[in-house]
Amino acid sequence: MHRSFSQNVLELTARVPKGMVTTYADIARALGTGAYRAVGRALQTNPSTKTYPCHRVVKSTGELGGYFGETSGPAILAKKSLLEKEGVQVTDNRIVNFAEKHFRFSKPRFYK
DNA sequence: CTCATGACTTTTT
DNA sequence: AAAAAAGCCATGA
């Protein structure tokens, strides 16, 4: 069964447990590619934040990254709020204790 | 098909 | 430590 790259990005996003985060690079790697930037692009068209909690996807550096196309401003504040509501602290645009909150995908998956 | 673009990442200043 | 440059690749025009 072939799923599009974007579709797989969304499905992996849905796997991240509440209170944990993953990164754009992790998702790309889990799909067997290095298309980190394309991951962000795929999330930009997220059809449902309920189904796909894309606020749990952050940068490899532990910084927040973007939300709904915005890299700063109100959208990012919303992302921060959602994370803190789940117990992930954010200070100065960064995940506090990033290593402990970092969810790792168990096995690589391929979409092709 | 080619080309530019971006919710990125890593290396180099 | 902070900023810039270079590298990455799926997607849409």
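All heavy atoms count here, side chains included; hydrogens, waters and symmetry mates do not. Every chain is numbered from 1 and lettered A, B, ... according to where its sequence line falls, protein lines coming before strand lines.
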Rounded to whole angstroms, how far apart are [atom1] on [X] and [atom2] on [N]?
X: A:Arg94; N: C:dA2; atom1: CZ; atom2: C1'; value: 11 Å
X: A:Phe5; N: C:dG12; atom1: CZ; atom2: P; value: 12 Å
X: A:Asn93; N: C:dA2; atom1: CG; atom2: P; value: 13 Å

Q) Under 6.0 Å from the CD atom of A:Gln89, do we count more than 12 heavy atoms belonging to anything else shown? A)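 No.
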
Q: Indicate the ring-plane relationship of A:Phe103 and A:Phe105, choosing parallel, tilted or perpendicular according to the 30° and 60° boundaries.
A: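 It falls in the perpendicular class, over 60°.
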
Q: Going 5' to 3' through nucleotides 6-13 of chain B, assign each nucleotide B (protein heavy atom under 4.0 Å from a base atom), S (under 4.0 Å only from sugar-phosphate atoms) or - (no protein heavy atom that close).
A: BBBS----

Q.
Whether A:Ser4 contacts C:dA10 is assessed here as follows: a side-chain N or O lying under 4.0 Å from the phosphate OP1 or OP2. Is that the case?
A. no

Q.
Any heavy-atom pair between the side chains of A:Thr13 and A:Pro53 that's under 4.5 Å?
A.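 They are in side-chain contact.
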
Q: Evaluate the side-chain proximity of A:Val57 to A:Leu43: yes if any heavy-atom separation is below 4.5 Å, no if none is.
A: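 Side-chain contact under 4.5 Å: yes.
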
Q | Salt bridge flag under 4.0 Å for residues A:Glu86 and A:Arg56 | A |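 Yes.
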
Q | Spacing of CG belonging to A:Leu10 relative to CG belonging to A:Asn46, to within rounding of 0.5 Å | A |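 Result: 5.5 Å between the selected atoms.
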
Q: For C:dT11, give its Watson-Crick or G-U wobble partner with both distances under 3.5 Å, or none.
A: B:dA4

